[in-house]
Amino acid sequence: MRTGTITGDLVRWYEAARRDLPWRLDSDPYRIWVSEVMLQQTRVEAVIPYFERFMGRFPTLDSLAAADGDEVDKFWEGLGYYSRARNLHSAVREVCERYEGTVPASYDDFRSLPGVGDYTAGAVLSIAYNQPLPAVDGNVLRVIARLFAIPDDVMSQKTRKTVVGIVSGLLPVGRASAFNQALMELGALLCMPKSPHCAECPVAHHCAARQRGLQTSLPVRARKSAPKDVHLTAVLAQTADDGSILVRRRPARGLLAGLWEIPNWAAPEPNSVDLETTVLSAARSQALSNMEPLRGRRLEEMHCLGQYTHTFSHRRWIMSVYHAQVDARSHCREPYRWVDRQERTMYTFGQVFNKIFREHLAQ
DNA sequence: GAGCCGTGGCA
DNA sequence: TTGCCAAGGCT
């Protein structure tokens with residue numbers, strides 16, 4: 001293998017090995033921006049179908065700016081980290097108002113938009129405009145930590161700054177786009193977390209970790225704390241006449257902010273020793289007191305649909321789900337709403353609720 | 001700095 | 001089953 005500088009070897013490899021991804025068809029800064037936001041903490045394979053669908057509906061920055069927020073949510077449904085969609089939506093509206101619809105090339109201007117941090121600002125401006133800015137994500141932290149055998153926790157701000165400095169020093173003027181993408185592509189295709197493919201790596205001969213046999217023990221990352229258990233009771237109320245269900249909008253801030261849900265509440269102390277009938281009657285009385293639209297009504301029939309466990313990044317829901325039948329829709333106000341099967345598909349739910357729908361409601 | 005904020009794949 | 005991970009940002 002012909003060898004040169006890290007930068008040269010990396011860019012040469014990238015030109016040959018780069019994947020054809022939908023956001024690499026051109027250098028439209030809007031498309032690249034959307035892709036970068038979707039890719040935050042999310043795998044490429046998961047993003048591709050979402051990106052295609054999103055760009056089909058919102059092909060231009062203006063079309064996204066003009067869209068209704070609830071519709072944007074619907075196109076994000078299932079991707080997670082929903083504040084990304086809200087921030088992106090609000091940011092493109094700001095670009096329309098303040099920059100005449102053109103993604104600002106100024107780092108300070110672009111970086112100040114909601115949802116745009118150091119990484120995203122560097123990535124979009126380098127990839128779309130070829131600006132010589134570092135774009136340090138998880139891939140780059142790993143690749144650089146190995147190439148330079150950095151033994152420190154890569155999650156710390158200090159180490160991150162070190163890596164930013166190293167990348168800045170390697171950045172080739174005029175090839176920033178290819179270089180930044182090359183670092184990330186290397187992390188995704190060869191320099192992977194578990195078993196790096198060093199034999200195929202274009203910069204293995206530059207790699208301090210490989211020389212010292214440290215390639216699988218680097219980078220060092222602090223361990224994340226385990227998600228905390230939350231016990232919930234949820235009631236899927238449904239009318240006997242047309243099968244409408246009662247849904248509720250979640251608060252604008254916090255977990256699954258602004259999305260819709262099957263009404264639920266903190267379960268009283270979980271006591272598995274209780275008889276089923278005791279638990280069921282408790283859920284019934286809670287449903288009647290906690291769900292405002294059901295207050296003073298009669299539940300025709302109620303039974304347990306099962307227990308659903310859903311793990312978020314920092315929390316685990318253990319949710320007992322009940323089905324309650326009522327004769328017809330009752331009066332209801334926000335945040336509650338009765339929706340029929342067709343209307344339901346227009347609302348955005350967290351995946352745990354969609355799973356319950358899939359398993360218990362006719363599609 | 002540390003906690004919050006989703007999801008699905010995989011060992 | 002559990003833990004780890006994947007192109008982070010906000011408070």
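Order of the sequence lines sets the chain letters (A, B, ...), proteins ahead of strands, with each chain counted from 1.
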Want to settle it: does A:L256 or A:K194 sit nearer the 5' end of DNA chain B, counting the closest nucleotide to each? A:L256
Nearest nucleotide by nearest heavy atom, which residue falls closer to the 5' end of DNA chain B, A:Q157 or A:Q40? A:Q157
Is any side-chain N or O of [X] closer than 4.0 Å to OP1 or OP2 of [N]?
X: A:S156; N: B:dG1; answer: no
X: A:H310; N: B:dG6; answer: no
X: A:Y82; N: B:dT7; answer: yes
X: A:R84; N: C:dG8; answer: no
X: A:Q351; N: B:dG8; answer: yes

To the nearest Å, how far apart are [X] [atom1] and [N] [atom2]?
X: A:L39; N: C:dG9; atom1: CG; atom2: C1'; value: 15 Å
X: A:R315; N: B:dG3; atom1: CZ; atom2: C1'; value: 9 Å
X: A:Y81; N: C:dC5; atom1: OH; atom2: P; value: 13 Å
X: A:R160; N: B:dG1; atom1: CZ; atom2: P; value: 12 Å
X: A:Q41; N: C:dC4; atom1: CD; atom2: P; value: 15 Å

Scan [X] against the nucleic acid and name what it touches under 4.0 Å (heavy atoms): base, sugar-phosphate only, or nothing.
X: A:T311; value: base
X: A:V116; value: sugar-phosphate
X: A:G254; value: sugar-phosphate
X: A:I127; value: nothing
X: A:W23; value: base

Should the pair A:F349 and A:Y347 be assigned to parallel (<30°), tilted (30 to 60°) or perpendicular (>60°) ring geometry? tilted
5' precedence on DNA chain C between A:K224 and A:R253 (nearest-nucleotide basis): A:K224
Per nearest nucleotide of DNA chain C, the residue lying toward the 5' end, A:R316 or A:G115, is A:R316
Expressed as a whole number of Å, how far does the P atom of C:dC4 sit from that of B:dG3? 15 Å
When the P atoms of B:dG8 and C:dG9 are compared, how many Å lie between them, rounded to an integer? 22 Å
Could you check which of [options] has an atom nearest any side-chain atom of [X]?
X: A:R221; options: C:dC4, B:dC5, C:dC5; answer: C:dC5
X: A:R43; options: B:dC4, B:dG1, B:dG8; answer: B:dG8
X: A:H314; options: B:dC4, C:dG8, C:dC4; answer: B:dC4
X: A:Y119; options: B:dG6, B:dG8, C:dG8; answer: C:dG8

In this structure, is the centre-to-centre distance between the rings of A:F54 and A:F58 below 6.0 Å? yes
Using the ring centroid of each side chain, check whether A:W260 and A:F353 are separated by less than 6.0 Å. no
Is there a donor-acceptor pair closer than 3.5 Å between any side-chain N or O of [X] and the backbone N or O of [Y]?
X: A:H206; Y: A:G4; answer: yes
X: A:W317; Y: A:H231; answer: no
X: A:D153; Y: A:A222; answer: yes

Quick one: does A:T42 reach the base of B:dG6 with a side-chain donor-acceptor pair under 3.5 Å? yes
